Amino acid sequence: MKNTLLLFITLSSLSCIGQKNTNTQVLDASKSFINSLNKDLKAEAMFPYESAERKSWFYTPVPRKGLDFRKLSEAQKKMAMEILHASLSNRGEKTALAIMQLEGVLHVLEKMPDTSDRRDPQKYYFSFFGEPDAEKTWAWRIEGHHLSLNYASNEGKISSATPLFFGTNPAVVPAGMPMAEGTEVLKTETEMGFSFLASLNDEQHKLAKINEKAPADMVTANSALAVVNQKEGLPFNKMTKQQQKSLLKIVSHHVQRAPIGFAKELMLKMEGAGLEKLHFVWMGGEKRGEGHYYRIHNPVILIEYDCTQNNNNHVHSVVRDLTNDWGEDILGNHIKNDH
């Protein structure tokens, strides 16, 4: 089944149409940044494209490889932020910056000593895999607590922008913090999930909700290769037209953290794999304050959202391309090597 008109309406309403996928801005920003580094800093930032480090990703506060943003001069920090700017849509960039600032909230909540850098809002790392080049394949990563942005570029365009992870802790900021009380950085992602669940009739609800308890984290966590049960959940063809449109808006909202041109291509690729193969999965509680989880998937797209930790006030969310995380073109390689 194809539903091109429905997908076109969804894309058009979210300003995707006309946006081209190009790496020109991030390529120029990356070249300028790398050229500004001395030998030691460059050694920390650069890895071979084939390095296993490229697929080693974490969204928890663990020791990381890559170039620590805090080691940069003020001029270099501005260059690094240009890379971040070019790597996300406008909304994605604002969300990423807000996630970084939540580290200051955690510093207070966890009563960290002033000398501790565990929750430093600047504790993020920039890594490059291969030399940035318009004609070659290369990759880059921007990562720290609750933010993992992974990209690959090939022949002048972004070939992959997944895994694309955004998380928040606290999901809703309490009073007395260095951010406004009630700030909810991933509020839309939460509300869209609950709203869609509430739209389901009894029969649809039975198909969508596969477990009364939410998992402790995203099902695929930080695995290098994401695998989910494609048959689980409520299928697209058992939704009303309005529900189908709402589901695609949820997908678009998550995907459009990435640059809009790439986001449009990923949405169309998802359609090519079959909108009828899209499924919506829910696990856990059905109201705020209860641990909950939702997932949207077909053979291309995987979106996971989980809110269970820290008394159900801690969100993890990710977008993955099941055929092309890190630009691997898993399906293409399978056909080439195994058939």
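Owing to the predicted nature of the structure, the values given are computational and were not obtained by experimental measurement. Quick note: residue numbers are just sequence positions, from 1.
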Side-chain heavy atoms of [X] within contact of [Y], under 4.5 Å:
| X | Y | answer |
| --- | --- | --- |
| Pro178 | Val108 | yes |
| Met46 | Leu67 | no |
| Leu27 | Trp138 | yes |
| Leu248 | Leu275 | yes |
| Lys238 | Gln204 | no |
| Leu200 | Leu234 | yes |
| Gln76 | Leu37 | yes |
| Met267 | Lys264 | no |

If two hydrophobic side chains count as joined below 4.5 Å and joins carry through other members, does [X] share a cluster with [Y]?
| X | Y | result |
| --- | --- | --- |
| Phe166 | Tyr59 | no |
| Tyr151 | Ile83 | yes |
| Leu97 | Phe69 | yes |
| Met112 | Val173 | no |
| Leu147 | Phe128 | yes |

Hey, what do you get for [atom1] ([X]) to [atom2] ([Y]), rounding to the nearest 0.5 Å?
| X | Y | atom1 | atom2 | answer |
| --- | --- | --- | --- | --- |
| Leu72 | Leu41 | CG | CG | 6.5 Å |
| Leu149 | Ser127 | CG | OG | 11.5 Å |
| Lys277 | Ile301 | NZ | CD1 | 15.0 Å |
| Glu131 | Ile34 | CD | CD1 | 6.0 Å |
| Leu186 | Arg257 | CG | CZ | 6.0 Å |
| Met283 | Asp306 | CE | CG | 8.5 Å |

Pairs involving residues 25-37, ordered by first then second residue, that meet salt bridge (Lys or Arg N to Asp or Glu O under 4.0 Å) (sequence neighbours left out): none

Can you tell me if [X] uses its side chain to pair, donor with acceptor, with the backbone of [Y] under 3.5 Å?
| X | Y | answer |
| --- | --- | --- |
| Asn23 | Ile158 | no |
| Ser160 | Ala152 | no |
| Thr162 | Leu164 | no |
| Gln243 | Phe196 | no |
| Glu191 | Thr188 | no |
| Glu304 | Val219 | yes |
| Asn222 | Trp57 | yes |
| Asn150 | Pro163 | yes |
| Glu232 | Val281 | no |
| Ser89 | Ile260 | no |

Sole residue of His316, His254, His292, Arg295 in side chain to side chain donor-acceptor pair (under 3.5 Å) with Tyr305: His292

Salt-bridge contact [X]-[Y] (side-chain N to carboxylate O under 4.0 Å):
| X | Y | value |
| --- | --- | --- |
| Glu143 | Arg64 | yes |
| Lys206 | Glu203 | no |
| Glu53 | Arg141 | yes |

What about the rings of Phe194 and Trp282, do their centers lie closer together than 6.0 Å? yes

Using every non-hydrogen atom in the two residues, find where [X] and [Y] come nearest and quote the distance to one decimal.
| X | Y | answer |
| --- | --- | --- |
| Ala226 | Leu302 | CB-CD2, 4.0 Å |
| Gly233 | Ile210 | N-CG2, 4.1 Å |
| Asn298 | Ala273 | ND2-CB, 3.9 Å |

Return yes when atom [atom1] of [X] has more than 12 non-hydrogen atoms of other residues, nucleotides or ligands closer than 6.0 Å, and no otherwise.
| X | atom1 | value |
| --- | --- | --- |
| Asn35 | CG | yes |
| Glu135 | CD | no |
| Glu155 | CD | no |

Please determine which of Met179, His146, Met177 meets the side-chain contact (heavy atoms from CB on, under 4.5 Å) test together with Leu102.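 Single side-chain contact (heavy atoms from CB on, under 4.5 Å) partner of Leu102 among Met179, His146, Met177: Met179.
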
Just checking, is any N or O donor in the side chain of [X] or [Y] under 3.5 Å from an acceptor N or O on the other one?
| X | Y | value |
| --- | --- | --- |
| Thr323 | Lys269 | yes |
| His145 | Arg119 | yes |
| Ser87 | Trp140 | yes |

Under the side chain to side chain contact (heavy atoms under 4.5 Å, CB included) rule, what do Arg288 and Thr190 come out as? Steps first, then yes or no, please. CA-CA 9 Å; Arg288 282 180 173 271; Thr190 300; 3.7 Å; yes

Starting from the C-alpha separation in whole Å, work towards a yes-or-no answer on side chain to side chain contact (heavy atoms under 4.5 Å, CB included) for Tyr294 and Ile250. CA-CA 11 Å; Tyr294 70 78; Ile250 299 174; 4.1 Å; yes

Set out, in order, the CA-CA distance, both residues' side-chain angles and the distance that settles side chain to side chain contact (heavy atoms under 4.5 Å, CB included) for Glu103 and Tyr124, then state yes or no. CA-CA 11 Å; Glu103 293 300 283; Tyr124 289 82; 3.7 Å; yes

Would you check, one step at a time, whether the test side chain to side chain contact (heavy atoms under 4.5 Å, CB included) holds for Leu322 with Gln230? CA-CA 11 Å; Leu322 297 177; Gln230 289 288 336; 3.4 Å; yes

